Amino acid sequence: MTFSPELTFNDGNTIPQLGYGVWQVEDDVAEKVVVQAFEAGFRHIDTAKIYGNEAGVGRAIQRSGLTADEIFITTKLWNADQGYESTLEAFEASMERLGIETLDLYLIHWQQPKQDKYVDTWKALIELQKRGRVRSIGVSNFTTEGLQRIIDETGVVPAINQVELHPFFNQAELRAFNASKGILTQAWSPLGQGGELLEHATIADIAAKHNASPAQVVIAWHLALGNVVIPKSVTESRIRENYAALEVTLDGSDIEAIDGLDRTAEGAGRIGPDPAVSDFA
Ligand code: NAD
């Protein structure tokens, strides 16, 4: 079986570049589809406390028979749990549900600038890493200002920043900032949540050229850009199809054409909340 390439964090640990996300997947369904994802070849699973399926992911890990060093598990600290002590507690509750000894990656789910607890929350993640409870620590939905502030106030640079990123919203500026700090960029909603993006003529033409599917072309674009990418599907054939995107290699003109789909300049493209202003604890 072909396995995903690994990217190296600034702390020396590695992450499989292609992973599998389980947002909006019921707990019992998560158990089934994560087992299917493991069977397809995925070894990296992205969950979060707020998804309500950490226990299902944990049961899938048990059922898979895979060992801790064969898999990579990410979960995220929810907004309502931000703050130093509450983060330490929320982490242990997540670990209980996942049923694993050590977590591979723990993320602050949203910066929540109005709540303004993210520096203390980041300090708790640093402590969890020092205690050996988590191998790597990072953030999600952080702006350049938020990143700079936690780096300045703690001296610890996040391993990764997981943000909305797809061809309609390609985050060129934030990707460049992340790279300049040694922070990997991880793409959420990498397929633009399906729909319009996967039906776009540019994607369809490139897919036909490579005898690949539209989803595979978009995943291959992320891989070529150096993004960590976590497409979601609960359909077994699509889970396998998405994993097989590892076999698709785009050329420079394909990548340029997909880069050209970005709608940021028109103030469009973003699907989810803007982390600079979102406040939904
Ligand atoms: P996505 O971009 O991965 O799109 C998923 C949808 O695309 C599916 O529901 C399906 O409708 C369609 N799809 C998937 N594979 C397909 C295929 N091969 N052919 C045709 N259609 C296909 O959307 P997502 O679930 O929003 O994002 C992926 C993961 O990112 C999530 O599961 C979660 O782990 C993570 N995420 C994180 C945050 C965050 O705030 N950190 C927010 C959203 C998502």
Side-chain angles (χ1 to χ4, degrees), residues 15-27 29-30 33-34 36-37 40 42 44-54 56-57 60 72-79 104-112 118 138-143 146 158 160-171 174 184-200 203-204 207 212-223 227-248 269-276 278-281:
I15 181 169
Q17 192 180 5
L18 178 60
Y20 175 72
V22 290
W23 181 40
Q24 293 178 317
V25 181
E26 296 289 326
D27 190 65
V29 179
V33 295
V34 169
Q36 290 173 354
F42 285 98
H44 161 189
I45 307 297
D46 182 88
T47 184
K49 176 194 176 182
I50 197 69
Y51 300 171
N53 56 25
E54 289 172 318
V57 171
F72 186 101
I73 306 296
T74 302
T75 194
K76 313 186 192 83
L77 175 93
W78 185 239
N79 304 341
D104 294 290
L105 178 64
Y106 200 37
L107 304 179
I108 303 177
H109 205 145
W110 288 86
Q111 184 178 322
Q112 295 284 101
Y118 59 90
V139 296
S140 177
N141 301 302
F142 264 53
T143 61
I160 200 161
N161 186 15
Q162 181 183 124
V163 295
E164 178 179 346
L165 200 175
H166 43 77
F168 288 155
F169 191 65
N170 76 25
Q171 297 269 27
L174 186 55
L184 293 185
T185 299
Q186 183 167 24
W188 66 249
S189 293
L191 304 174
Q193 297 179 7
E196 190 192 347
L197 174 64
L198 299 183
E199 285 157 18
H200 197 284
I203 303 292
S213 74
Q216 287 177 329
V217 165
V218 174
I219 294 167
W221 172 80
H222 283 285
L223 296 172
N227 300 335
V228 178
V229 55
I230 46 172
K232 172 221 160 182
S233 173
V234 291
T235 307
E236 190 170 15
S237 57
R238 284 177 171 178
I239 294 172
R240 290 182 177 276
E241 176 188 319
N242 292 349
Y243 190 73
L246 289 172
E247 315 290 335
V248 178
R270 194 192 283 282
I271 304 168
D274 180 351
S278 74
D279 178 37
F280 49 87

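Quick caveat: nothing in here was measured; it's all calculated off a predicted structure. Residue numbers run from 1 in the order of the sequence given. When a ligand or atom number is given, it counts from 1 through the structure's own listing order.
- For Lys232, heavy-atom contacts with ligand 1 shorter than 4.0 Å involve the backbone as well as the side chain.
- Distances shorter than 4.0 angstrom occur between a heavy atom of Gly192 and an atom of ligand 1.
- Below 3.5 Å of separation, one finds no N or O of Ala215 facing any N or O of ligand 1.
- Checked by distance only, ligand 1 and Pro231 stay at 3.5 Å or farther apart across all their nitrogen or oxygen atoms.
- Counting only heavy atoms from C-beta outward, the side chains of Asn242 and Tyr20 never approach each other to under 4.5 Å.
- Counting heavy atoms closer than 4.0 Å to ligand 1, residue Ser189 contributes atoms from both its backbone and its side chain.
- When the options Val22, Leu107, Leu197, Leu191 are ranked by their closest heavy atom to atom 13 (N) of ligand 1, first place goes to Leu191.
- Using a 4.5 Å heavy-atom cutoff, the side chains of Ile108 and Phe142 are in contact.
- At a heavy-atom distance under 4.0 Å, only side-chain atoms of Asn242, from C-beta outward, approach ligand 1.
- Residue Glu241 qualifies as enclosed at atom CD: its count of foreign heavy atoms under 6.0 Å is above 12.
- Residues meeting the side-chain contact (heavy atoms from CB on, under 4.5 Å) test with Leu223, sequence neighbours left out: Gln17, Leu18, Ile219, Val229, Leu246.
- Among protein heavy atoms, the minimum distance from atom 43 (C) of ligand 1 is reached at Trp188 CE3, 3.2 Å.
- The closest side-chain heavy-atom distance from Trp110 to Pro273 is below 4.5 Å.
- Distance from atom 12 (C) of ligand 1 to its nearest protein heavy atom, with residue and atom name: Gly194 CA, 4.0 Å.
- Residue contacts with ligand 1 include Trp110, since one of its heavy atoms falls under 4.0 Å from the ligand.
- One N or O on the side chain of His222 and one on the backbone of Pro190 form a donor-acceptor pair closer than 3.5 Å.
- Remark: the backbone N or O of Thr47 is not paired with any side-chain donor or acceptor of Glu54 at under 3.5 angstrom.
- When the options Arg238, Gln24, Gln193 are ranked by their closest heavy atom to atom 19 (N) of ligand 1, first place goes to Arg238.
- At the top of the distance list for atom 33 (C) of ligand 1, counting protein heavy atoms only, stands Tyr51 OH, 3.4 Å.
- Close contacts of ligand 1 with Gly21, meaning ligand atoms under 4.0 Å from a residue heavy atom, involve 32 (O), 34 (O).
- Atoms NE2 and CD1, from His44 and Ile15 in turn, are 4.0 Å apart once rounded to the nearest 0.5 Å.
- A heavy-atom distance below 4.5 Å is found between the side chains of Gln193 and Trp23.
- Checking only distances, Asn141 does come within under 3.5 Å of ligand 1, N or O to N or O.
- Although no hydrogens or angles enter the test, the distance criterion places no donor-acceptor pair under 3.5 Å between the side chain of Gln111 and the main chain of Tyr118.
- Considering backbone and side-chain N/O of Trp23, one or more are found under 3.5 Å from N/O of ligand 1.
- Summary of contacts: the protein heavy atom closest to atom 28 (C) of ligand 1 is Ile230 O, 3.1 Å.
- At a threshold of 4.5 Å between non-hydrogen side-chain atoms, the residues Leu191 and His166 do not count as touching.
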Which is it for Asn53 and Glu26 under the side-chain contact (heavy atoms from CB on, under 4.5 Å) test, yes or no, and what are the steps along the way? CA-CA 6 Å; Asn53 56 25; Glu26 296 289 326; over 6 Å; no

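- Taking a 4.0 Å cut-off on heavy atoms, Ser213 fails to register as neighbouring ligand 1.
- Atom 34 (O) of ligand 1 has its closest protein heavy atom at Asp46 OD2, 2.7 Å.
- Considering backbone and side-chain atoms together, Leu198 places no N or O closer than 3.5 Å to any N or O of ligand 1.
- Taking a cut-off of under 4.0 Å to the non-hydrogen atoms of His109, the atoms of ligand 1 that pass are 39 (C), 40 (O), 41 (N).
- Using a 4.5 Å cut-off on side-chain heavy atoms (C-beta onward), Gln112 and Asn141 make no contact.
- Distances below 4.0 Å separate heavy atoms of Glu241 from the following atoms of ligand 1: 17 (C), 18 (N), 19 (N).
- Heavy-atom proximity to Gln162, at under 4.0 Å, picks out these atoms of ligand 1: 35 (C), 36 (N), 37 (C), 38 (C), 39 (C), 41 (N).
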